[in-house]
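Remarks on the structure that follows.
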Amino acid sequence: MNSELLLKNLNPQQQQAVQHHTGPLLIIAGAGSGKTRVITHRIAYLIAHYKVKPMNILAVTFTNKAASEMQDRVKGLIGPVADFVTISTFHSFCARLLRIEGEHIGIKRGFTIYDANDSENLAKKVLSELNLDPKRFPEKMMLGAVSTAKNNLILPEDYPEDSFTEEKIKQFYKLYQSKLRESNAVDFDDLIVQTVLLFKKHPEILKKYQDRYQYIMVDEYQDTNHTQYILVALLAADHKNICVVGDDDQSIYSWRDADIRNILEFEKDFPNTTTIKLEQNYRSTCRILEAANSVISHNLNRKPKTLWTENPKGEKVIVYRAASERHEAQFIADEIKRLTKKGVRLKDIAILYRMNSQSRVIEEVFLNNNLPHVIYGGIRFYDRAEIKDTLAYLRLIANPYDTISFNRAINTPRRGIGPATIAKIEQSKEMLGLSYLDTLLQAKSIPGLGGKLKVLTEFAENWYHLTATQDQLTITELVESIWKTSGYMEMLENEGTDEALSRIDNLKEFLSVTKSYDERAKDQGSLNGFLEEISLISDIDRYSDESNAVSFMTIHSAKGLEFPVVFVTGLEEGLFPSSRSLYDEHQMEEERRLCYVAITRAMHLCYLTYAETRFLWGQTSYNMPSRFLSELPDEADDSDTEKAAVSVKTNSGQPSPDLKSGDKVVHEKFGKGIVIEVKGEGASREAAVVFDSSGLKKLLLEYAKLKKID
DNA sequence: CCTTACGCCATTTTT
DNA sequence: TGGCGTAAGG
């Protein structure tokens with residue numbers, strides 16, 4: 001492709017970024033400013049104009065989705081040679097690297113990647129071995145401390161021990177880490193840490209990758225933690241051809257140790273940095289942008305900038321006050337019905353919330369209103385028990401040292417193997433210095449197994465057989481073989497419950513995953529590759545706008561996405577901003593950034609809704625409207641109504657239906673009923689209704705949406 | 001070793 | 001409220 005064509009349709013700042021050749025480059029890219037466009041065009045420009053070899057370029061992102069989108073777009077620009085550009089997430093980049101080079105630091109090729117759940121299980125073992133009271137030292141807390149240590153590149157032996165708690169954490173960290181190693185496993189954070197350690201211990205390997213990756217680009221740089229920063233810095237140490245793209249205003253992962261200093265101090269860390277700001281927004285209407293700018297301007301700790309747009313002014317941002325979370329949901333449903341009549345497609349609409357549990361009510365109301373919707377987040381497909389069981393078997397085939405998978409698979413389905421028997425096996429295993437598989441293959445030599453010997457030997461022989469034949473089988477065949485020989489499928493089929501049936505359905509869906517992998521990987525059928533892909537995939541990666549349904553997701557998951565219509569829900573003090581941030585200025589600023597991210601997802605229409613009462617955690621709470629609402633541009637008074645960016649609606653002011661006794665009504669929750677009495681005025685006007693299903697209820701007309709029927 | 005009961009606790013979660 | 005994880009009993 002003609003390299004000049006790549007500059008077309010780019011604004012001057014974008015062009016400057018795309019044309020940047022060597023040396024450090026910092027791109028501050030506001031929301032919707034065409035950041036991905038700049039990265040992909042720069043990759044293409046490096047290749048087309050500067051004749052850089054595709055294989056010498058590395059682009060790192062945080063999500064698989066971002067990575068594959070980027071790869072597709074580069075391919076669109078320069079064709080199939082794009083496949084030689086390495087575009088990858090931090091984690092899968094490191095996983096692949098360790099798969100090749102891990103042996104240098106004692107990580108065997110078939111290593112398993114432990115997800116958060118596996119880590120928790122391992123943590124429990126560690127706690128009990130250390131005799132630590134899980135009340136005083138909950139595994140979540142311990143793992144959090146370990147994770148923070150790893151994200152800051154603090155090794156177990158370097159962990160401070162200035163307090164009793166720190167001493168215990170250090171003990172925990174050490175044992176946890178050595179157990180990971182015994183299992184030939186790494187956790188998510190380890191993928192990065194171990195790669196950095198590898199580079200530090202083996203400069204010749206680092207050199208190899210420095211030479212290979214002459215040009216490095218990092219997306220969402222504001223979300224990198226210290227260890228990721230070191231990784232990138234090591235790779236770029238020689239040539240300094242590093243380009244990072246980020247937006248400090250969209251930093252919403254500090255609780256995962258994302259270090260905002262990485263972006264704020266990039267210019268110090270890399271002298272002679274060229275800095276480019278992308279402030280023109282191509283996504284949202286003026287009014288949406290104005291609302292977002294106004295909210296974020298209340299943050300003190302930020303690089304000053306103001307997004308602007310040439311887009312139309314658009315509709316006002318709508319603030320809606322609902323009486324309760326049910327009314328909030330109902331308003332959204334009604335509004336969506338209205339919009340669809342005007343031609344808006346369901347897939348153009350997203351509903352965002354601070355926490356997953358908020359989705360429940362909205363889902364109920366959507367179900368009642370027959371509105372198609374897809375919920376992202378919550379339980380990951382791969383977190384379902386039946387999938388994890390199957391994965392445990394697969395992992396054991398790839399890695400016979402994996403203690404977590406062994407503990408899971410050995411007694412699923414039930415084989416009568418409990419903690420006592422497992423302890424005996426582990427003891428033997430440690431004495432012999434063998435893998436679980438090799439230990440079980442000589443189960444005869446394990447003392448005290450008694451009647452369990454037979455079942456264990458059978459288990460081991462099946463396992464051995466699958467391990468030996470894995471290369472001849474596709475993943476699909478391997479999985480089917482596991483289900484058969486382990487008796488897993490039989491177990492589910494015998495259960496015959498609805499739940500078992502749905503599990504079988506999920507397993508069938510899993511087969512479609514294996515099949516698609518088999519297709520792609522053809523005959524190289526790599527089990528490691530498959531497992532890696534599964535471990536590093538997230539729920540949002542499955543997001544596709546193909547189905548015609550409204551999307552439900554947390555604001556965190558929505559980052560990087562855009563929708564023509566966005567509902568941001570639950571704007572209440574204590575919920576959003578969350579109660580834990582109310583007394584911490586830094587956390588409050590992060591909540592505000594979250595709000596900024598939420599609003600800037602919207603292209604044409606943005607709704608901000610809140611409820612005056614909310615049933616949460618078994619209690620009704622009465623929260624003030626979120627402070628972020630008061631940080632919006634002022635609502636217009638009548639004379640100025642044209643200019644305003646925001647319009648406020650409420651359902652309290654709506655005329656309640658004119659009811660009298662004898663009217664038939666329908667209520668969204670209680671169903672049909674007959675009004676027997678109406679009394680009171682205004683806000684306290686209430687109706688007594690006898691419902692077919694639940695009998696007499698007294699309902700405030702302002703809150704209860706009663707519809708009159710004939 | 002497996003089932004049931006109770007009591008606790010409760011954001012966000014790119015990988 | 002409800003989901004989950006531990007503790008006691010079968």
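Values in this document were obtained by computation on a predicted structure and should not be read as measured data. Numbers restart at 1 for each chain; the letters A, B, ... are given by sequence-line order, proteins then strands.
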Checklist entry - So what does A:F90 touch, heavy atoms closer than 4.0 Å: a base, only the sugar-phosphate, or nothing? => result nothing

Next on the checklist: What is the distance, to the nearest angstrom, from the CG atom on A:D189 to the C1' atom on B:dT13?
Outcome noted: 12 Å

Checklist entry - Base, sugar-phosphate, or nothing for A:I417, non-hydrogen atoms under 4.0 angstrom? => result sugar-phosphate

Next on the checklist: Between A:K65 and A:E69 (salt bridge meaning N to carboxylate O under 4.0 Å), is one present in this structure?
Outcome noted: yes

Checklist entry - Could you walk me through whether A:R593 and A:D248 pass the salt bridge (Lys or Arg N to Asp or Glu O under 4.0 Å) check? => result CA-CA 9 Å; A:R593 291 193 290 270; A:D248 50 305; over 6 Å; no

Checklist outcome for this item: Interatomic distance, CD1@A:I260 vs CD@A:Q222, rounded to 0.5 Å, equals 8.0 Å

Using a cutoff of under 3.5 Å, can you pull out all pairs of nitrogen or oxygen atoms linking the protein to nucleotides 3-10 of chain B, with atom names and distances?
| unit_1 | atom_1 | unit_2 | atom_2 | d |
| --- | --- | --- | --- | --- |
| B:dT3 | OP2 | A:R414 | NH1 | 3.2 |

Checklist entry - Is it true that the side chains of A:N623 and A:E612 contain a donor and an acceptor less than 3.5 Å apart? => result no

Item to check | Nucleotide of C:dG2, B:dC2, B:dT11 approaching A:N411 most closely (side-chain heavy atoms) | outcome: B:dC2

Checklist entry - Picking from B:dT13, B:dT11, B:dC1, which would you name as closest to the side chain of A:S578? => result B:dT11

Checklist outcome for this item: A:N117 CG to C:dC4 C1', in whole Å, measures 12 Å

Checklist entry - Is the shortest side-chain N/O distance from A:S557 to OP1 or OP2 of B:dT13 below 4.0 Å? => result yes

Next on the checklist: Do the side chains of A:K35 and A:D219 get close enough for a salt bridge, i.e. N-O under 4.0 angstrom?
Outcome noted: yes

Item to check | Touch class at under 4.0 angstrom, heavy-atom based, for A:A95 against every strand present | outcome: nothing

Item to check | Separation of the P atoms in C:dG5 and B:dT12, to the nearest angstrom | outcome: 16 Å

Checklist entry - In terms of side-chain heavy atoms, does A:Y436 have a donor or acceptor partner in A:E426 at a distance below 3.5 Å? => result yes

Checklist entry - Distance check: side-chain N/O of A:R360 vs OP1/OP2 of C:dG3, anything under 4.0 Å? => result yes

Checklist entry - Please give, in whole Å, the distance from C:dG3 P to A:L616 CG? => result 15 Å

Next on the checklist: Return the OH to CD1 distance between A:Y353 and A:I362, rounded to the nearest 0.5 Å.
Outcome noted: 7.0 Å

Next on the checklist: Using a heavy-atom cut-off of 4.0 Å across all strands, would you classify A:E139 as base, sugar-phosphate, or nothing?
Outcome noted: nothing

Item to check | A:T63 side chain, from C-beta outward: closest of B:dC1, B:dT14, B:dT12 | outcome: B:dT14

Checklist entry - Does A:R415 make a cation-pi contact with A:F459 (under 6.0 Å, within 45 degrees of the axis)? => result no

Checklist outcome for this item: Judged by nearest nucleotide, the residue sitting upstream toward the 5' end of DNA chain B, A:I422 or A:F188, is A:I422

Checklist entry - Rounded to the Å, how far apart are A:F62 CZ and B:dT12 P? => result 20 Å

Item to check | Interatomic distance where CG belongs to A:D187 and C1' belongs to B:dT13 [whole Å] | outcome: 15 Å

Checklist entry - A:Q587 near the nucleic acid: base, sugar-phosphate alone, or nothing, with a heavy-atom cut-off under 4.0 Å? => result base

Next on the checklist: Rounded to whole Å, please give me the gap between CE in A:M355 and C1' in C:dT1.
Outcome noted: 13 Å

Item to check | Separation of B:dT12 C1' from A:Y376 OH (nearest whole Å) | outcome: 19 Å

Checklist entry - Atom CD of A:E120 and atom P of B:dT13: how far apart are they, to the nearest Å? => result 15 Å

Next on the checklist: Can you work out whether A:T421 or A:I252 has the more 5'-proximal nearest nucleotide on DNA chain B?
Outcome noted: A:T421

